[in-house]
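Ligands are counted one by one from 1 in listed order, and the atoms in each one are counted from 1 as well. For the numbers below, each heavy atom of this structure counts, side chains included, while hydrogens, waters and symmetry mates do not. Counting begins at 1 with the first residue of the sequence.
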Amino acid sequence: MPGRNTNCADNVFMISLYLGLALFIVNVSGECDYPPDYPNAVLKEEHQTQGPPDFVEGFKITYTCQSGYVPNGGSPKITCTSSQWSPLTLVCERRSCGNPGEILNGHFNTDEGVLFGDKAYAVCNEGYQLAGNGVRNCRATGWDGAIPICESVKCPNPPSIVNGEITNPPQGTVTFGTSFTYMCSKGVLVGNSELVCTKYGNYSSDPPTCKDHKGCPSVQVENAIKTAGFGPVYKYKDSITFACNPGYILKGTATVNCGVNETWEPQLPTCEKAPTTPTITTTSAQVPPAPSPAPTTRTTTTTKLPPAPSLGNAFCSNTMNVYLL
Ligand SMILES: *[C@@H]1O[C@H](CO)[C@@H](O)[C@H](O)[C@H]1NC(C)=O
Ligand SMILES: *[C@@H]1O[C@H](CO)[C@@H](O)[C@H](O)[C@H]1NC(C)=O
């Protein structure tokens, strides 16, 4: 019986002893585990081979900013106190690479920023193109690569044309913005006389051509007179303007031009007899839902119209006869 009691007492004693020992180890020995990882910071080299038995009470560990980052305040040290590491206050920020450089006839786009990991993109001015790599990366050691070159866009030599020439032929390489003027030695120039070397390395248009041109025929429009362009000879690009005799309405375009195909462009206009009284009456009759005061106005208009055309016709036919004679 007493043995049992002794056993029980022994057990209680042993448990208490283990607990006390455990507490003693934790509290009194105060060793720390591996130090925690912090973003953008690394352990100083000397600590990288150390392990838990080394981290005794009061042990200090120093961090440094990781490659590409620079310290900006705080302490780089943490201390082991009662088996706990104090928190790291060191602040590590991305390093700045500064200005990526000046480009002649261009610039760097640094909208992304100039800090570690950012990219700067070369942009050439209009009419210039990039030679070399246009992207620089901000690395731990600074901007990588080199400043690229923006070189002027080039055009091939302007084409020559039959029966014509370039008044200012190229002297060496043709660069963006250069223009050439063509002239015909025979015939008429059709198309653009000036070609400009564009930012795309081509010309603003096809070269002109020199075309034989015998002129356009002298023409007349029935019931019309010429108010400009009396001829009698019409060359390329000459024009005639027609006006209808009173009582006639012009359909089409009043002014026509002597076109490249020796014809008048656009089509010649026509003069059509102005609508007579019955036509107007019909038109008015077709609009019945008009309010009551309207008919009065209409009557006035219709009564006014007829005399004018008849007088005008007589007068104009006379005039025409005179012209024709
Ligand atoms: C020149 O090249 C650009 C780009 O390829 C194109 O859009 C343009 O139409 C070209 N111009 C002519 C006149 O061919
Ligand atoms: C002139 O004639 C050519 C060849 O017949 C034709 O292709 C062209 O469309 C004509 N131009 C005009 C403005 O009528």
Side-chain angles (χ1 to χ4, degrees), residues 103-109 121-135 148-222 224 226-244 250-272:
I103 309 174
L104 194 64
N105 299 311
H107 69 275
F108 272 110
N109 175 341
Y121 302 90
V123 180
C124 289
N125 294 345
E126 184 167 282
Y128 291 85
Q129 62 193 4
L130 204 59
N133 188 353
V135 184
I149 289 166
C150 287
E151 55 184 26
S152 179
V153 168
K154 291 172 185 63
C155 282
N157 278 347
S160 51
I161 58 169
V162 180
N163 293 329
E165 58 184 22
I166 297 165
T167 60
N168 55 335
Q171 316 281 325
T173 317
V174 179
T175 53
F176 162 72
T178 311
S179 65
F180 297 101
T181 307
Y182 287 81
M183 256 182 63
C184 287
S185 50
K186 220 177 114 200
V188 297
L189 187 141
V190 178
N192 292 316
S193 61
E194 195 184 65
L195 260 62
V196 184
C197 173
T198 71
K199 61 178 173 180
Y200 305 112
N202 59 11
Y203 284 101
S204 50
S205 68
D206 285 336
T209 54
C210 295
K211 199 172 183 289
D212 262 355
H213 203 282
K214 296 181 183 67
C216 288
S218 182
V219 286
Q220 184 54 277
V221 170
E222 250 186 284
K226 288 175 186 170
T227 59
F230 301 101
V233 173
Y234 296 97
K235 303 190 309 292
Y236 175 54
K237 283 189 174 168
D238 280 353
S239 66
I240 307 176
T241 303
F242 294 99
C244 290
L250 188 130
K251 292 277 160 69
T253 311
T255 301
V256 292
N257 301 291
C258 179
V260 70
N261 290 350
E262 300 169 6
T263 57
W264 292 101
E265 293 166 13
Q267 256 186 316
L268 291 181
T270 57
C271 288
E272 291 174 14

For atom CD1 of Ile149, is the number of surrounding heavy atoms from other residues, nucleotides or ligands below 6.0 Å larger than 12? no
Gly229 backbone acceptor or donor facing Tyr234 side chain under 3.5 Å: yes
Considering non-hydrogen atoms of the protein only, which is the closest contact for atom 7 (O) of ligand 1, and what is the distance? Tyr200 CE1, 4.8 Å
Starting from atom 6 (C) of ligand 1, find the nearest protein heavy-atom neighbour and note its residue, name and distance. Asn202 ND2, 4.2 Å
Taking the side chain as every heavy atom from C-beta outward, state whether Ile161 and Cys210 have any atom pair closer than 4.5 Å. yes
Exactly one of Thr255, Thr270, Leu268 should register a side-chain contact (heavy atoms from CB on, under 4.5 Å) with Phe242. Which one does? Leu268
Kindly compute the distance separating CD1 (Ile166) from OG1 (Thr181), expressed to the nearest 0.5 Å. 9.5 Å
Take atom 14 (O) of ligand 1 and look for protein heavy atoms under 4.0 Å from it; say yes if you find one, no if not. yes
Yes or no, since that's all I need: does a protein heavy atom fall within a distance strictly under 4.0 Å of atom 10 (C) of ligand 2? yes
Under a 4.0 angstrom heavy-atom cut-off, which atoms of ligand 2 come close to Glu265? 12 (C), 13 (C), 14 (O)
Near Tyr203, which atoms of ligand 1 are under 4.0 Å from a heavy atom of that residue? 12 (C), 13 (C)
Glu272: what forms a side-chain hydrogen bond (donor to acceptor under 3.5 Å, both in side chains) with it, not counting sequence neighbours? Lys251
When you measure from atom 2 (O) of ligand 1 to the protein, is at least one non-hydrogen atom found at a distance under 4.0 Å? yes
Give the atom numbers and elements of ligand 1 that come within less than 4.0 Å of a heavy atom of Ser204. 13 (C)
Could you tell me the residue and atom name of the protein heavy atom closest to atom 12 (C) of ligand 2, and the distance to it rounded to 0.1 Å? Asn261 ND2, 3.4 Å
Distance-only donor-acceptor pairs under 3.5 Å for side chains of residues 200-208, two or more places apart:
residue	atom	partner	partner atom	Å
Asn202	OD1	Thr198	OG1	2.5
Tyr203	OH	Pro156	O	2.5
Ser204	OG	Val196	N	2.9
Ser205	OG	Asn192	ND2	3.1

